[in-house]
Every structure is written in structure tokens, then in C-alpha cells.
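As C-alpha cells, the structure follows; a few thoughts come after it.
Atoms within a ligand are numbered from 1 in the order they appear, just like the ligands themselves. In this text the structure is predicted, and so the values were computed from the model without any measurement. Residue numbers start at 1 and run along the sequence shown.
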Amino acid sequence: MSETVTSPVTTSPGLLASLDPLLREWLPRQRWFAGKGRPVTGFSLVAAVELLPWNAKLGLLHLLVRAHQPLSAAPGALSHPGDCYQLLIGVRETLPPRLAPALIGHPEKGPLAGRTVYEALHDPRAADLLLEALRTGTQVGALRFERDTRQELREDLVPRVVTAEQSNSSIIYGDTFILKLLRRILPGVNPDLELPLALAHEHCPRVPAPAGWMVGDLDGDTYVLGVLQRFVRGATDGWDLALRELTKGEDFTGEARALGRATAEVHTALARALPTVTLGHTQMDTLVDGMIERLDAAVQAVPALRPYAPGLRSAFDALTELAAEGETWTAQRIHGDLHLGQCLQDPAGDWSLIDFEGEPSKPLAERRMPQPTARDIAGMLRSFDYAAHSHEPLVSDWADRCRAAYCTGYAEVSGRDPRSEPVLLRAYETDKAIYEVMYEARHRPDWLPVPLAAVQRLSGGIAAS
Ligand SMILES: Nc1ncnc2c1ncn2[C@@H]1O[C@H](COP(=O)(O)OP(=O)(O)O)[C@@H](O)[C@H]1O
Ligand SMILES: O=P(O)(O)O[C@H]1O[C@H](CO)[C@@H](O[C@H]2O[C@H](CO)[C@@H](O)[C@H](O)[C@H]2O)[C@H](O)[C@H]1O
């Protein structure tokens with residue numbers, strides 16, 4: 001039986017006070033929490049909606065809360081209202097054993113005292129309610145659920161939560177749809193909805209079409225909160241597939257070439273759907289300035305980069321020189337964070353690209369700027385290199401062959417071989433490798449040798465093959 005919203009009531013701030021001590025503990029432990037390393041000192045409520053009344057047998061609260069954190073981890077640093085997060089909080093007397101892992105805690109004060117609160121995504125009744133709200137196009141308080149009525153959305157799809165590590169949280173419905181609930185919420189147009197919608201409009205089959213979306217209307221701003229998308233059934237992601245083929249000693253160039261074709265199909269459709277611009281020397285200088293700033297910051301943070309800095313810098317200077325000589329480039333909307341893990345292969349062998357959110361740490365306006373397609377291509381070239389380096393023993397020419405096949409596939413569809421612009425490609429690959437050095441130093445120090453090996457190669461001036 002499907003759940004429906006019973007009480008479109010905006011909830012009282014007393015509820016947040018009741019949850020506050022529990023959330024301070026729970027939030028920083030979540031994979032998707034962006035403010036790691038700094039304590040949460042409190043919350044302010046941005047919006048709250050009771051999807052089911054909190055004092056009912058099953059209560060369901062939709063909260064947008066701003067976490068207060070000090071700007072640095074230094075003792076005594078002042079706390080500020082920081083990132084805004086989307087939370088779906090269930091309230092029950094007691095939790096059934098199957099929901100025990102979702103426990104947030106037992107509030108001691110305020111209206112929720114004595115009850116049990118938990119992460120409601122894991123509760124099929126809450127998941128059903130979200131699907132039903134999308135199906136029926138419900139509006140409740142500041143929350144608006146919308147759908148593409150051309151796609152059939154059955155009400156009996158059984159939900160299950162995605163347990164893999166991810167930056168947001170997703171629920172799969174009956175292996176037919178997947179709902180991604182964005183966790184760190186920003187006002188404005190979100191490319192994770194904008195680009196798949198634009199691609200669906202262009203009938204691009206390489207990106208699963210959005211079937212529904214969930215937004216919040218707050219103080220004149222719209223916040224994208226969730227996207228329901230066709231689920232690619234039985235899919236394997238490109239990263240897992242590449243590692244599997246490496247282990248078996250199988251050739252991956254056929255897949256790499258197909259991935260190049262898929263990327264070009266998506267780029268071509270995006271260039272049709274959304275504006276493109278020409279980058280002259282002023283615009284290219286601005287892009288290069290960003291690359292140099294990221295290099296400088298990375299050298300400060302990771303001293304192992306220092307010996308390579310001049311060589312890396314030369315990759316950026318070469319681009320500036322070309323721009324000064326009058327060369328121009330086309331920029332368009334791109335994926336923005338493309339790597340093998342963002343590519344899904346279905347059992348028929350067809351590839352789809354997912355996760356158009358861009359780099360989550362960047363502001364939305366920056367993520368939505370037109371950019372050279374070389375940026376996405378460089379991301380994939382780096383990914384083949386990563387895959388080769390995670391295999392023992394290192395198969396030295398595996399990445400080179402995949403990288404070449406990917407570029408060949410890309411050229412077959414787009415008519416432009418990325419290798420014909422080696423200076424641009426080297427600059428973007430260098431920028432990506434520097435980003436990866438920072439990422440690995442922060443999150444996975446064991447992986448640091450992988451981008452550092454690329455840094456060594458790129459600083460020697462060897463362009464992508
Ligand atoms: N349309 C889809 N079909 C099948 N699986 C998907 C789909 N979208 C996402 N997934 C799975 O969910 C995981 C997380 O999705 P993703 O969009 O990358 O989320 P996040 O932004 O949280 O990292 C992916 O790695 C993939 O395994
Ligand atoms: O998947 P996200 O969008 O959160 O991207 C971040 O994490 C990625 C790792 O999970 C990281 O990707 C790097 O490692 C991958 C292998 O694990 C490799 O395929 C990528 O090429 C490499 O960049 C990504 O950089 C980071 O933003």
C-alpha cells in the first residue's frame with residue numbers, strides 16, 4: 001500500500017532543539033557530510049515540513065538544516081552557519097530490528113523526548129511516501145514534487161537504499177528508478193537535474209532520463225533536493241569493469257573506444273541543447289589563472305609536489321602562449337567530473353553516463369560555466385591511468401592503449417580527435433592530476449602515489465598519447 005502525505009504542516013523549531021544534541025554526533029559521521037575535521041556546534045533551521053506528523057505512530061520530518069561549524073579546526077575558532085543539509089528523519093516509539101542500523105538516537109528533551117529518531121531513507125514506508133509524492137506531483141509546504149508525465153511511474157515499486165559509498169543518498173525503486181536525494185543543498189539550478197533534462201530533450205540515450213524531481217522553494221530561491229532517474233538494471237560501472245578485465249588479462253580497448261563514443265555523443269547533444277561560447281585569450285587567461293591557483297594551493301598542501309611545480313606550470317604557460325598567439329577554443333556545458341566510476345555498462349554492453357553534479361566542492365555558478373570538452377576527456381584519461389596503477393603488477397602499456405582507444409572513439413563520433421589539441425589536453429590533464437593529489441592527500445593517502453606518478457610524467461612535458 002502506498003503512503004501519502006497526511007499533514008502538510010510546517011513543523012515547530014522546538015523539534016530541532018530536541019534533535020540538536022543527537023545530530024551533532026550523527027551528522028559528522030555521515031559519508032556525505034562535507035565539513036569533516038571541524039566539530040558541529042549547532043544548527044539553524046532553513047525549512048521543515050512534517051510529511052507525517054511527528055506525534056503519530058510513525059512521524060516523518062523533512063528538514064533543511066544549516067550546520068554551524070568553526071572555520072578552522074584550531075581550538076577556540078568561532079563557529080559560523082555553514083553548509084545546508086537535507087535530512088529525512090523518522091520518529092517512532094521503538095525501532096523494528098531491521099531499522100536498527102538507521103538509529104540516530106533518543107532525544108532527551110523537547111517534544112521528541114522519549115521517542116526514537118532515525119534516518120528514514122532506510123524505512124520502506126518513508127521511501128514509498130516519497131515515490132507517491134513524485135507520482136502524484138504533491139506540493140507540501142516548501143516542498144514541490146514534480147514528474148515527467150510521459151514516463152509511467154508505478155506505485156508498487158519496492159524500495160531499497162543504495163549502500164555503496166556515495167556523496168549523496170539514493171533509493172532504488174523496483175530496479176526501475178533510482179532517486180538521488182542531494183545532501184548538501186545549494187540554491188539555484190543544479191546541473192544534476194539540468195543536464196539530464198536537457199539531454200532527454202535531445203533524445204540522447206547515453207544518460208538516463210529524469211522521471212521526477214523534488215525541489216524546495218525558499219525565500220525566492222529554488223533548491224534542487226532530489227532527482228528520480230531511470231535505473232540502469234544489471235549495470236557494472238566502468239571502474240569495476242576495468243579492474244576485472246585487468247585481473248583477467250583481458251583487453252579493454254574495445255570498451256575504452258565505446259566510452260569515447262558515448263562521451264562524444266553526450267558532448268554533441270549538450271552542445272546542441274545549451275549555449276556554447278568561444279574562448280579567446282582573456283577567457284583562457286582566466287581559466288589558466290584558476291589552474292595556477294590550484295597548483296599553488298596544492299604545492300602548499302602537499303610538499304611532495306614542489307620539485308614538479310615548474311614543469312607542471314609549463315603546461316599552463318604553454319596554453320597561455322597559444323591564446324596570446326590568437327588561438328581560440330569552443331566551450332560548452334560538460335559533465336564536469338567524469339571518470340570511470342561515472343560510466344555504467346548495461347548487460348547489452350551499452351554505456352550510460354551518470355552524476356552530472358560536477359565537482360561538489362565548487363559553487364553551482366562555476367560548475368555551470370561552459371568549458372572545453374578537453375576537461376571531461378582529461379578526466380577519463382586520468383581514470384585509465386588510475387586503473388592501470390591499481391593493478392599488480394603494473395601493466396605499463398594498458399593505460400596507453402585505453403587512452404588512445406578512448407580518443408579514437410571520441411573522434412569517430414565528434415569528428416574531433418582530442419589528441420589534435422595536445423597543449424589543451426596536457427593542461428587539463430595536469431590540472432586534474434593536481435586535483436587528484438589534493439583529493440588523495442585528504443581522503444586516501446595510500447593512493448597518493450597514483451596521481452604523483454602522473455605529475456612526474458606530466459611535468460616532463462609528455463602529452464597524452
Ligand atoms: N541511473 C542509474 N542506474 C543504475 N545505477 C545508478 C544510476 N545512477 C546511480 N547509480 C548507482 O548509484 C551510485 C551513486 O550514484 P551517483 O549519481 O554517482 O551518486 P553520488 O552523487 O552520491 O556519488 C553509482 O555509483 C551507481 O552505482
Ligand atoms: O566519485 P566522486 O564524484 O565523489 O569523485 C571523487 O572521488 C573519486 C574516487 O572515488 C576520485 O576519483 C579518482 O579515483 C578514481 C578511482 O577510485 C579514478 O577512477 C579517478 O580517475 C580519480 O580521479 C575523484 O577524483 C574525486 O573527485
Side-chain angles (χ1 to χ4, degrees), residues 30-34 86 121 160-184 190-193 195-196 199-200 205-211 224 226-243 246 259 335-347 350-362 367 375-391 399 402-403 406 428-429 431-444 446-451 453-454:
Q30 305 313 302
R31 158 75 158 85
W32 40 262
F33 178 65
Q86 173 173 214
L121 282 185
R160 69 185 151 92
V161 175
V162 172
T163 50
E165 297 265 289
Q166 57 174 127
S167 316
N168 297 286
S169 298
S170 300
I171 305 173
I172 297 166
Y173 290 96
D175 275 3
T176 309
F177 292 103
I178 179 165
L179 172 64
K180 168 147 89 174
L181 288 164
L182 300 174
R183 288 303 197 160
R184 197 165 68 91
N190 192 310
D192 220 1
L193 175 60
L195 296 185
L199 288 162
R206 295 287 146 245
V207 175
V224 175
V227 181
L228 183 77
Q229 201 179 48
R230 185 173 59 73
F231 182 71
V232 184
R233 207 173 289 187
T236 310
D237 77 46
W239 176 254
D240 285 348
L241 201 62
L243 293 194
L246 263 165
L259 276 167
H335 180 283
D337 191 18
L338 196 58
H339 55 81
L340 280 164
Q342 315 281 35
C343 307
L344 301 180
Q345 192 187 51
D346 70 14
D350 290 328
W351 286 99
S352 298
L353 306 190
I354 57 162
D355 197 4
F356 282 74
E357 202 183 0
E359 278 176 25
S361 56
K362 296 208 166 120
R367 292 190 233 161
R375 179 149 176 234
D376 278 350
I377 294 162
M380 286 299 290
L381 297 182
R382 291 288 315 117
S383 222
F384 293 120
D385 189 51
Y386 255 79
H389 276 86
S390 10
H391 183 263
C402 287
R403 288 156 59 95
Y406 178 79
Y428 272 104
E429 214 190 325
D431 188 44
K432 185 72 185 183
I434 291 165
Y435 164 84
E436 289 168 344
V437 166
M438 288 283 272
Y439 178 85
E440 303 302 2
R442 246 183 231 151
H443 301 282
R444 309 186 296 191
D446 288 355
W447 288 65
L448 198 48
V450 179

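Polar contact with ligand 2: present for Y439 (N/O pair, distance under 3.5 Å). Looking at ligand 2, you'll find an N or O of S383 within less than 3.5 Å of one of its N or O atoms.
Residue, atom and distance of the protein heavy atom nearest to atom 25 (O) of ligand 2 are Y435 CE2, 3.4 Å. What sits closest to atom 3 (O) of ligand 2 on the protein, heavy atoms only, is D337 OD2, 2.8 Å.
Nearest to atom 22 (C) of ligand 2 by heavy-atom distance, out of R444, E436, H339, is E436.
By the ring pair (Phe, Tyr, Trp, His ring centres under 6.0 Å) test, F356 is found to be paired with H335, residues two or more places apart in sequence or in another chain being considered.
Under a 4.0 Å criterion applied to the non-hydrogen atoms of Q342, ligand 2 contributes the atoms 3 (O).
Listed by chain and number, residues touching ligand 1 at under 4.0 Å (heavy atoms only) are Q166, S167, N168, I178, K180, P208, Q229, R230, F231, V232, Q342, L344, I354, D355, E357.
Looking only at atom types and distance, the side chain of N168 has a donor-acceptor partner in the side chain of E357 under 3.5 Å away. S167 and R183 form no side-chain donor-acceptor contact under 3.5 Å, judged by distance and modelled atom types alone.
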Passes salt bridge (charged side-chain N to carboxylate O under 4.0 Å, His left out), D385 versus R403? Steps please.
CA-CA 8 Å; D385 189 51; R403 288 156 59 95; 5.5 Å; no
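Using the six-membered ring where Trp is involved, W239 and Y386 have ring planes that are perpendicular, over 60° apart on the 30 and 60° scheme.
Under the 4.0 angstrom criterion for non-hydrogen atoms, S167 is in contact with ligand 2.
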